[in-house]
Protein chains: 2
Amino acid sequence: MDESDFLAAYNPRAFDPMAVTADIVALTIRDGRLHVLLVRRGEPPFRGAWALPGGFVREDDLEEAAARELAEETSLSPADLDRVHLEQLGTYGKPGRDPRMRVVTVAYLAFAPWLPDPKAGSDADAAVWTPLTATRELAFDHAKILDDGLERARSKLEYTPLATSFVGEEFTISELRAVYDAVWEEQLHPGNFHRKVLSVPGFVESTGLTTERGGPRGGPRARLYRKGDAKYLHPALLRPSREDEIR
Amino acid sequence: MDESDFLAAYNPRAFDPMAVTADIVALTIRDGRLHVLLVRRGEPPFRGAWALPGGFVREDDLEEAAARELAEETSLSPADLDRVHLEQLGTYGKPGRDPRMRVVTVAYLAFAPWLPDPKAGSDADAAVWTPLTATRELAFDHAKILDDGLERARSKLEYTPLATSFVGEEFTISELRAVYDAVWEEQLHPGNFHRKVLSVPGFVESTGLTTERGGPRGGPRARLYRKGDAKYLHPALLRPSREDEIR
DNA sequence: GCACGTTATTCTCATTCAGAGAACTACTCG
DNA sequence: CGAGTAGTTCTCTGAATGAGAATAACGTGC
């Protein structure tokens with residue numbers, strides 16, 4: 001066979017090697033604020049600096065590599081990992097972005113519900129959920145990757161039901177609204193939000209239950225919902241007042 | 001220095017090498033139909049099969065590599081290349097997708113206005129604009145990449161002014177509508193489309209001119225517009241009737 | 001137990017937007 | 001010149017949105 005001859009003679013080392021890493025922008029919400037998972041690097045380059053969790057891709061698929069790194073950093077059980085939404089964010093391969101060699105990084109974006117505080121992983125001293133307001137200097141071009149991840153997250157809340165990935169299995173409309181408030185950094189109108197969520201087909205479905213108690217500062221018991229079967233929100237739930245970002 | 005010692009001792013060949021390619025889903029509109037640029041492979045693997053244009057990433061940036069490949073395949077002048085919108089689509093790295101070795105492909109999506117028929121590039125017998133209706137079997141996982149590119153294109157027309165990348169410098173509202181018709185495969189209402197385009201701030205701006213003649217089958221001269229300064233369409237121009245795709 | 005502040009939920013009302021259809025007009029073609 | 005086509009503008013109707021308010025259920029502190 002022509003083709004198999006070619007493959008036998010093919011030398012995979014003929015090109016400059018490139019390393020491929022999978023890094024993760026993992027977002028969650030704690031205390032009503034958006035947090036990102038950061039690790040402190042235990043090895044050069046950028047030893048001691050904060051960075052996105054990630055690691056080299058070996059034999060596995062890109063997304064598997066990302067899931068593996070995330071599970072390592074957060075000591076997540078497989079069952080927990082199921083509840084985390086993971087999607088590809090983008091790929092960053094500018095020459096010189098890693099001083100060691102040419103590294104192409106495939107970034108993934110993860111939306112997680114509440115998770116316990118992580119333990120340190122293999123190549124990191126520490127991994128912590130960090131509020132976004134306390135932005136730190138990040139290693140490599142991770143600040144740019146984080147920015148891209150935030151913009152993607154903000155945008156995805158508009159036209160997908162992914163906000164439900166940030167809350168528990170059963171949730172109230174107010175908890176869902178808190179997700180939007182945190183990610184968009186805007187206070188949404190409770191009444192209109194309530195109407196909107198219930199009017200979008202497939203966004204949430206009722207469980208028939210309510211919370212056991214009212215809120216910590218009073219108020220009636222809230223009805224509980226679970227995620228519906230919609231893949232897209234239609235009509236979308238648009239961010240208010242983006243006049244400035246439009247041009 | 002600790003860090004420079006580390007870098008000096010670092011062996012870039014310690015990992016299995018991975019090749020990185022940049023492949024392109026280049027779309028344009030001809031005769032009112034959406035076309036994609038395909039090449040016929042001149043070398044194994046998949047010799048003789050149709051594939052997306054692309055090639056290995058060498059010293060350059062990923063996007064530069066994509067632009068270089070696109071320019072090669074289409075024999076585009078730098079001035080023409082300026083008018084082509086290029087954005088990253090996604091990265092495909094499943095083990096085994098290339099029989100030669102582990103190949104990670106960063107796919108780019110290009111929107112081009114009318115371009116001349118391409119000549120064959122270096123590693124391809126032929127490159128042709130192919131109507132999407134005549135879908136062929138594609139090499140590797142390029143069918144999936146193409147599908148993802150189409151979905152991205154359809155979606156981007158909704159909330160960005162990228163439809164203007166498919167038409168010339170000056171265009172009529174009807175030409176713009178033809179872009180939407182072709183990409184969405186729907187006949188939009190001419191009156192409502194006209195109202196909508198003119199009412200979205202920054203989508204198009206008037207040139208004050210009109211076409212020299214009416215259409216080939218009659219009708220009045222149309223006013224000419226150029227691209228406005230909006231980065232996003234607000235409110236967006238949503239696809240009609242996606243009820244089926246929502247869940 | 002009670003007054004009060006808080007919050008879930010529902011309504012109202014005014015405004016904007018989208019879909020359908022049509023009018024009006026300027027053109028090309030035969 | 002007459003018929004047909006297409007660019008542009010209007011009208012009408014129903015849906016969606018934003019702002020504000022009403023109602024009612026609950027926790028807290030006295």
Side-chain angles (χ1 to χ4, degrees), chain A residues 32 157-159 167 170-181 184 186-201 203-204 206-225 230 232-243 246, chain B residues 32 157-159 167 170-181 184 186-201 203-225 232-243 246:
Chain A
L157 289 204
E158 293 194 322
Y159 57 94
V167 294
E170 299 189 335
F171 52 87
T172 66
I173 302 289
S174 295
E175 286 168 354
L176 198 59
R177 178 162 47 83
V179 172
Y180 280 89
D181 284 349
W184 284 352
E186 308 218 33
Q187 298 268 318
L188 298 185
H189 179 125
N192 291 342
F193 183 83
H194 201 278
R195 175 184 61 189
K196 177 77 189 181
V197 168
L198 295 187
S199 75
V200 172
F203 193 0
V204 300
S206 176
T207 64
L209 306 174
T210 68
T211 52
E212 289 294 319
R213 318 176 13 100
R217 292 200 294 278
R221 298 177 182 181
R223 287 198 264 251
L224 287 168
Y225 297 85
Y232 299 97
L233 303 185
H234 188 78
L237 218 162
L238 297 174
R239 272 178 274 188
S241 64
R242 299 198 300 154
E243 306 308 330
I246 284 177
Chain B
L157 289 203
E158 294 193 322
Y159 56 93
V167 294
E170 298 190 335
F171 51 88
T172 67
I173 302 291
S174 296
E175 286 170 353
L176 198 59
R177 178 162 47 82
V179 172
Y180 280 89
D181 284 350
W184 285 351
E186 308 218 33
Q187 298 267 317
L188 298 185
H189 179 124
N192 291 342
F193 182 83
H194 202 278
R195 174 185 61 189
K196 178 75 189 183
V197 167
L198 295 186
S199 75
V200 172
F203 192 178
V204 300
E205 63 185 32
S206 176
T207 65
L209 306 173
T210 69
T211 52
E212 289 295 318
R213 321 178 9 99
R217 290 202 294 278
R221 298 177 182 183
R223 285 197 263 249
L224 287 168
Y225 297 84
Y232 298 98
L233 303 184
H234 188 78
L237 219 162
L238 297 175
R239 271 180 276 187
S241 65
R242 298 198 302 153
E243 307 308 330
I246 285 176

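- In the set C/dT9, D/dT8, C/dG21, the nucleotide with an atom closest to the side chain of B/A222 is D/dT8.
- Counting only distance, with no hydrogens or angles, the side chain of B/T207 and the backbone of B/L224 share a donor-acceptor pair below 3.5 Å.
- When distances run from any side-chain atom of A/I173 to the nucleotides D/dT5, C/dT9, D/dG18, the shortest one goes to C/dT9.
- For the pair B/L238 and B/P220, both in contact range of DNA chain C, the more 5′-proximal nearest nucleotide belongs to B/L238.
- Atom pair A/E186:CD and D/dG18:C1' shows a separation of 13 Å (rounding to whole Å applied).
- If you take CD of B/E175 and C1' of D/dA6, they are 13 Å apart, rounded to a whole angstrom.
- A distance of 11.5 Å separates NE2 in B/H194 from NE2 in B/H189, rounded to the nearest 0.5 Å.
- Interatomic distance, CG of B/L188 versus OH of B/Y180, reported as 9.0 Å (0.5 Å rounding).
- Residues A/F193 and A/L176 have side chains in contact (heavy-atom distance under 4.5 Å, counting atoms from C-beta outward).
- Nucleic acid contact class of B/G214 (heavy atoms, under 4.0 Å, all strands): sugar-phosphate only.
- B/R221 places a side-chain N or O within 3.5 Å of a backbone atom of B/E212 that can act as its donor or acceptor partner.
- One can place CG of B/L188 at 14 Å from P of D/dG7, the figure rounded to the nearest angstrom.
- Closest to the side chain of A/R195, out of C/dT9, C/dT12, C/dA20, is C/dT12.
- The B/R221 side chain lies nearest to C/dC27 when the options are C/dT6, D/dC26, C/dC27.
- Checking the phosphate oxygens (OP1, OP2) of D/dT8, a side-chain nitrogen or oxygen of B/R223 falls inside 4.0 Å.
- In this structure, A/F193 atom CZ and C/dT7 atom P are separated by 16 Å, rounded to whole Å.
- The CG atom of B/L176 sits 12 Å away from the P atom of D/dT8 (whole-angstrom rounding).
- Nearer the 5' end of DNA chain D, as judged by each residue's closest nucleotide, is the contact made by B/G191, out of B/G191 and A/L237.
- Comparing D/dA16, C/dG19, C/dT28 by their nearest atom to the side chain of B/R213 picks out C/dT28.
- In terms of phosphate contacts, B/R217 brings no side-chain nitrogen or oxygen within less than 4.0 Å of OP1 or OP2 of D/dG4.
- With rounding to whole Å, B/F171 atom CZ is found 15 Å from D/dG7 atom C1'.
- DNA chain D is contacted by both A/G218 and A/K196; A/K196 maps to the nucleotide lying nearer its 5′ end (nearest heavy atom per residue).
- For A/P190, the listed nucleotide lying nearest its side chain is C/dT9; candidates were C/dA8, C/dT9, D/dT9.
- Salt-bridge check for B/E158 with B/R239: passed, with a basic side-chain N closer than 4.0 Å to an acidic carboxylate O.
- Across all strands shown, A/T172 has no heavy atoms under 4.0 Å from either base or sugar-phosphate atoms.
- For the OP1/OP2 pair of D/dA6 and a distance below 4.0 Å, the side-chain nitrogens and oxygens of B/S174 include no atom meeting the criterion.
- Nucleotide C/dA18 holds its P atom 9 Å from the CG atom of B/N192, rounded to whole Å.
- Minimum atom distance to the side chain of A/H189 is reached by D/dA19, of the listed D/dA19, D/dG7, D/dT11.
- In this structure, the CD atom of A/E212 is 14 Å from the C1' atom of D/dC26, given to the nearest Å.
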